[in-house]
There are 2 protein chains.
Amino acid sequence: MALRSSWRGLINRCTARGCIGGRAGRPKRWRRQCGIPKRCTSSARAFSAADTGSPGAECEPAAHDNVFYVWGANTNVGKTVLSYAVMQAADRALFNTARLFVKPVQTGPVSEHDAPRVNGKIAPSHPDQKNNARQTICVRTLFQFENPVSPDLAAEHESRHVGDEHIIRATHNVVENWVKDCIGNKTNPFVLIEGAGGPLSPTPSGSLQADVYRHIPFPVVLVADNRLGGISSTLAAHESIRLRGFDVPFVVIFESDAGLANDGALRRHLRDSHSCVFVMPPLPKPDDSLHDWYSNHSRVHEAANELVLAMDRWNLQRHETLARAPLRAQRDLWWPFTQHRLVSSDAVTVIDSAFHNDVLTFRREERTGKGAFVPMFDAVGAWWTNGLGHGDVGLAKSIAAAAGRYGHILFPQVAHAPALELADLLLNGSGKHWASRVFFSDDGSTGIEVSLKMAFRLRSKRLGLEESPEYKIIGLQDSYHGDTLGAMNCSPSSVFNSQQTPWYTESGIFFKCPTVQMRNGEWTVEYVPAESSAGLKHHALFTSLEDILDLKGREGSELNAKYSAAIEFVLQQNRPESLGALLIEPVLQGAGGMKLIDPLFQRQLVDSCRARGIPIVFDEVFSGLWRLGCESGAILLQTHPDIATYSKLLTGGTVPLAATLASEQVFESFAGDLKAQALLHGHSYSGHVIGCAAAVHSLQQYEKMPTFDAHKRCFGAFWDEAVVRDISVSPGVRGVVAIGTVLAVELEPDSSSTGYTAKSESVQRILDHLRAHGVFSRPLGNVVYVMCAPATERAEAEVLARKVQAAVHSLSLP
Amino acid sequence: MALRSSWRGLINRCTARGCIGGRAGRPKRWRRQCGIPKRCTSSARAFSAADTGSPGAECEPAAHDNVFYVWGANTNVGKTVLSYAVMQAADRALFNTARLFVKPVQTGPVSEHDAPRVNGKIAPSHPDQKNNARQTICVRTLFQFENPVSPDLAAEHESRHVGDEHIIRATHNVVENWVKDCIGNKTNPFVLIEGAGGPLSPTPSGSLQADVYRHIPFPVVLVADNRLGGISSTLAAHESIRLRGFDVPFVVIFESDAGLANDGALRRHLRDSHSCVFVMPPLPKPDDSLHDWYSNHSRVHEAANELVLAMDRWNLQRHETLARAPLRAQRDLWWPFTQHRLVSSDAVTVIDSAFHNDVLTFRREERTGKGAFVPMFDAVGAWWTNGLGHGDVGLAKSIAAAAGRYGHILFPQVAHAPALELADLLLNGSGKHWASRVFFSDDGSTGIEVSLKMAFRLRSKRLGLEESPEYKIIGLQDSYHGDTLGAMNCSPSSVFNSQQTPWYTESGIFFKCPTVQMRNGEWTVEYVPAESSAGLKHHALFTSLEDILDLKGREGSELNAKYSAAIEFVLQQNRPESLGALLIEPVLQGAGGMKLIDPLFQRQLVDSCRARGIPIVFDEVFSGLWRLGCESGAILLQTHPDIATYSKLLTGGTVPLAATLASEQVFESFAGDLKAQALLHGHSYSGHVIGCAAAVHSLQQYEKMPTFDAHKRCFGAFWDEAVVRDISVSPGVRGVVAIGTVLAVELEPDSSSTGYTAKSESVQRILDHLRAHGVFSRPLGNVVYVMCAPATERAEAEVLARKVQAAVHSLSLP
């Protein structure tokens, strides 16, 4: 969303110069309670300096900033009081801090504002801030409303629109500038951002606070409710914050005057949640000044000191853990499709969290040892699965509810609501007018194996055979159907299977396909068939992709006649009884290199096979469910398969699940009096409830996107035609594919490129340029591609396209 | 847990005789708001009768009872006031109700108790309840404490222990008896169970209310907080209740005197959550009597009437949806391993929800059309995956946090905390002392294909070959490694693969194994090797399973010599260079029929293969991660593999995920300067964060179980040896396997049994007996088995074993 760019800068520059010092000791109790180990770290030296009583002694800078949210489990639980105490203590316990208190949204009269309370009473006098960095404190209220009601009502009363993006941007800017100034002043920023109301209280726009701040995911200090009922409201608030992916390292509770001791229960129930429960002395009486309360009670400032040290320590440990992650990963993990020898430790991407289209990466600068959080546009779309955006709260809630209600349920002969709802959505969506059954498996590869089992059985039934012969499939060059052996056998011999896959046998006839690209500003169809049909070679230009997709209008074309001739030529060379299925990825071959196949050719192939009684299988694992801007690739081919498998986007980008849809004829070919005649395929997690629930939520949401056209079951265009055209005419570019959520640029081969296993120099330069501009991408051979979640706004896709454009242009620079 | 038996009875008998009648009309607004369709249902006739002004007219009984929880988002939000109004309205709006109000836990002096408030002011006079069924109301407080604090503190002050199981049992009993009485009185039960405090307020034992009542999962009416901050606390409470799997069909908010209108925000944010937001007129003033408030304000009783009708209607629709589920499932789903022709609609199990070891099934009695909720022990353990129990709240929270923080993250060259933590747990757990790398895939089948790719590469490296020949594996008869082609090729030709799997080629040498069973009261090892080595046949008795597992002590035995001879005989018949891997399921073959293999034989096989340089692969998909009571099957074999795959229990029974562990030598055999030399295998959801987070939580929890022995990395015995022995001597029983969490009974073959595809008569009788006693089980050919989650208490396993015992005994009955 538009917000992304705003937090990029912030976090990008939130590298750390904080340094732990401090006058207060670190009580052992604290370390034990919070699970903080004793062993030395880089900043333990700082601790030591403090311990030996030399405050302010020069020490190694710790590699982190301290920026925390202070949220309350409810209103009126003491957020501001805590902020006051923490700000005070930060000055004493930490070394050379420059403190900033931000209240992004404030309602009620100025006399009751939190920011001046935190500031005004910070000290009896107001020392010159510029000359005394250690006393630097600044308080900022960003948006204020007169009415002491919840911000959405206040905004409504005052007829004032304050969008969530304004709040995020303003919060971002004020923190960013503060951190920047600190660099100049050589001080260590310590920033608290205080929420309004509870975590799910509305912002002025009516969104929920925690949902909005999810864009800039600082850790949360949660102030507990110490009243009757406060255990419940605190734990529930905690669960809601965690469900949104925030860290909640500290839950702080003020001792109760009413004799309640909620802290014990909170501690017990938060034991497994990585939250430390911290007790503060009772809140000041309403008439007490914060200054008196803080100054006159040694327990107050001792407790605040402890808290501040623990906050700093937690932050440091977080950075250390993230900084160690590349080495741990390289030591313990075995990544897919990765030659570990070729991966240097700085080529490991550490992901702290992710939101919408972005992943929040963590990098450590080797020279300084400092860590930095850098958000990047995830242009690989969570390996082609990101549907509703990373960390989508609706998806998280659906998944949580399914996990809490069922866990997993054995599937044979069982009915549960999420599976029934999902089947309903699929049969009335992608399967409409042709499919009658849904079979669930775990991923695209297993789904394809299920498809083959179905297709071959149907083929045998049609041929009147009791037993299936060793069928071949009809497939396409550059196809890719998954990594298990059955799926592998459906692709031509290549680096992926021949020496990789035990017992691999190329088991198909593979057509060379006409491809579609925008080349030199024109939509081009190029057909270079196999040698034997060389006379059918063809090259055609179109004014738009729409023209190419207009299969009806192209029926009588010369090209169509050539397709037909080529297809018939090959099919006639094979006994029809030896052919078990047509298996194709409709329109766009993903792993094969983002190849856009002329849909007219695929349609011809489907028709030719269907005429011979060969079952039609669509591998819609990549192309299906809005990847191409429409519900399925089949819509673009304007035909139906007998069997189709969907996966990737099915669960919105959360957990593996595949659905294979089949026509009733396919299903009936497994009917019989014996169980042995049934489809004997299944996985333990077949039809798992959590995946079904995620898929139900995702499929429902896809149809709520702004540019969704319910009639055509397509979205509006994602990519700006002018930008695509400009990229296509750039030097070094062979052609561009822009369809649905995918934008792919094929580069001219250069001397350094050797296919899949090595990157060409140009590819590497484009990747580096994109990465430098906050785009995380992976190439496919000589093809650089970006993609976005179907739930992406057009403006955001346009920004992405322009970054690709700039990266391509950079090739021409010296 | 012990609680299970208590709610079984309750829900079992909570069949429904409720009937909608009522004086108030059904406003259209309501249907629209709650998404309730207009179309007629069985009880719409009842509505019609009411609409035409003939209250009490005879009408078809609706197929449901009305039992709801009334919970507050916080304390002091008006739960009791709402209960009063709803109870009043139920009498007017519904036909012939017998109303029960239950306050399971009450704190504070009697004068302030909720139950008498609801009761005492129900009407100016107290008509004779027995003679006027329509006026029947009963209020019950089950556990009361004097101190007006949270129940856990009150219980502590009074030094009184009230366990959660007491509360559940008492609540269950009072509701059950009420429903039973209603049957006798021909009245329709309407029951409200009011909570204390918020949903996560502590019970007297200190557990959280919503966690405890999860055992009896009635739908929840949530009373919203209408104060400042109430939007946040209500939404957070709602999320916490939903995360625990409850339905929350209604959120009721009292209009605020303070001019706040929280309902708009609640309605907006609950839109996708299937909750209807209902507004009640303001709460009575503290001094107003409930009776006056209710009687004098027409808006109050109109609103209450509407709510009651909507509650009844929701309940009816829920029942109808569940009742339709079998037909929908049979129409739309394609189940794994199921001959649909053989499934009658009453053989479809409808699962409403699940908790711990139980699934809550819904059955409709065809004759009466009434629905019944029947909890059953899930003895198939969610298809062998149930680890921490269905609907485990800790798992749900872990999964929710991962979904909210990341969604899914592309895995190659990436590090994220859940994957690193999981790798760490696995390498320091099952992989300790041998494994150095973790490769993630999606399920057991894909994990086995990955294992094969690894093993064959290692084998080629050891043989000094550049290219892999067509290796065979060394495997076992009755093995089962998954349903994808590569995994299928590793099992002997059978009904599962020969005609099912495209391109299936039997690709192994398969040993016939010695099996272990308790037969006629004695632990028996029986070895009937293949014909060529018939002289090696052997039959040995042991006094205990421990003796059989004592491999060291059996080293010099005659049997061991025979094993060695048989193994060497076969291995010497094959060129070692043709053998790519040993692939075995350690100790217990699951899908093969719960066959316990003599571990001494497997150990011999491992040693013989290792001596020949053949890589050792353990398929621990079923046997691993505490299924056998210990961390892995390898522990029982007292040896290490080179490669092992884990799945099923890995995520505790939530989502598919497999981990293949490998030694550094295996990993190094993929090292090289070219990417083509790497392991080119992966799935879109490789290392998916949600699965990793679930697995981290599960693995950590397994080690916290009461009988866990950290040193041996094993649990104590699950099954009572005496019961196992008794089953084994029962007529019709061939032998019993009792190891870890599995209890399997092999029956003598009878004339009706024909292997996998048909059930013998005895098997069917045992299954029916178990089902009648609340145990949901599926056979494997002639074997009936039950299993429980590793997180099961011994007492519960004992109850289960005794049910199996009784079922087996029933075979001897006429």
Side-chain angles (χ1 to χ4, degrees), chain A residues 74-75 198 200-201 229 232 235-236 240 242-245 325 329 332 334-339 349-351 353-354 382-383 390 396 399-401 403-405 407-408 410 412 414-416 423 437 439 442-443 452 483-486 495 502 653 655-656 675-676 678 681-686 757, chain B residues 74-75 198 200-201 229 232 235-236 240 242-245 325 329 332 334-339 349-351 353 382-383 390 396 399-401 403-408 410 412 414-416 423 437 439 442-443 452 483-486 495 502 653 655-656 675-676 678 681-686 757:
Chain A
N74 211 327
T75 46
L200 303 189
S201 287
S232 182
L235 292 177
S240 293
R242 292 279 295 149
L243 180 133
R244 284 158 179 82
D332 297 344
W334 188 339
W335 288 301
F337 293 103
T338 304
Q339 177 52 264
T349 305
V350 179
I351 310 275
S353 57
W383 236 1
H390 289 284
I399 284 175
R405 188 180 182 94
H408 170 54
L410 150 117
V414 157
H416 56 69
R437 294 282 166 172
F439 188 99
D442 290 347
D443 55 26
L452 288 175
D483 292 354
T484 54
L485 177 56
V495 66
V655 292
K675 185 162 178 182
H681 185 112
H683 306 277
S684 298
Y685 285 96
S686 288
T757 54
Chain B
N74 211 326
T75 46
L200 303 189
S201 287
S232 182
L235 291 177
S240 293
R242 293 278 295 148
L243 180 131
R244 285 158 178 83
D332 297 344
W334 188 339
W335 289 302
F337 294 103
T338 305
Q339 177 52 264
T349 304
V350 178
I351 310 274
S353 57
W383 236 1
H390 289 284
I399 284 174
R405 188 178 183 98
Y406 306 88
H408 170 54
L410 150 118
V414 157
H416 55 68
R437 294 283 166 173
F439 188 99
D442 290 346
D443 55 26
L452 289 175
D483 291 355
T484 54
L485 177 56
V495 66
V655 292
K675 187 164 176 182
H681 186 112
H683 305 277
S684 298
Y685 285 96
S686 289
T757 53

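Order of the sequence lines fixes the chain letters, A, B, ..., with proteins taken first and strands second; residue numbering starts at 1 for each chain.
- The candidate from A:Leu235, A:Leu243, A:Val655 with the greatest count of non-hydrogen atom pairs under 4.5 Å with chain B is A:Val655.
- Among B:Gly682, B:Ala400, B:Gly486, the residue with the largest count of heavy-atom pairs under 4.5 Å with chain A is B:Gly682.
- When heavy atoms are compared at a cutoff of 4.5 Å, B:Asp442 approaches chain A by way of both its backbone and its side chain.
- Of all heavy-atom pairs between A:Ala236 and B:Leu200, the closest is N-CD1, 3.6 Å.
- Here the shortest heavy-atom pairing between A:Gln339 and B:Lys675 reads CB-CA, 3.8 Å.
- When A:Ala382, A:Ala325, A:Ala329 are compared by the number of non-hydrogen pairs under 4.5 Å with chain B, A:Ala382 comes out ahead.
- Closest non-hydrogen pair, B:Trp334 versus A:Phe439, comes out as O-CD1, 3.3 Å.
- Looking at A:Trp335, its side chain does come within 3.5 Å of a backbone N or O of B:Val414 through a donor-acceptor pair.
- In terms of non-hydrogen atom pairs under 4.5 Å with chain B, the most contact-rich of A:Gly407, A:Gly653, A:Ala396, A:Ala423 is A:Gly653.
- Looking at B:His390, its side chain never comes within 3.5 Å of a backbone N or O of A:Arg405 through a donor-acceptor pair.
- Heavy-atom minimum distance, B:Asn74 versus A:Gly229: OD1-O, 3.9 Å.
- Between B:Trp383 and A:Ser686, the closest side-chain pair of non-hydrogen atoms falls below 4.5 Å.
- Nearest approach of A:Pro336 to B:Pro412, heavy atoms of both residues: O-CB, 3.7 Å.
- A:Pro502 and B:Leu452 get closest at one heavy-atom pair: CG-CB, 3.9 Å.
- Here NE2 of B:His683 is found 7.0 Å from OG1 of A:Thr484. Values are rounded to the nearest 0.5 Å.
- Interface summary for chain A: among B:Arg244, B:His416, B:Arg437, the most heavy-atom pairs under 4.5 angstrom belong to B:Arg437.
- For the set A:Ala401, A:Ser353, A:Ala415, A:Gly198, the entry with the most heavy-atom pairs within less than 4.5 Å of chain B is A:Ala415.
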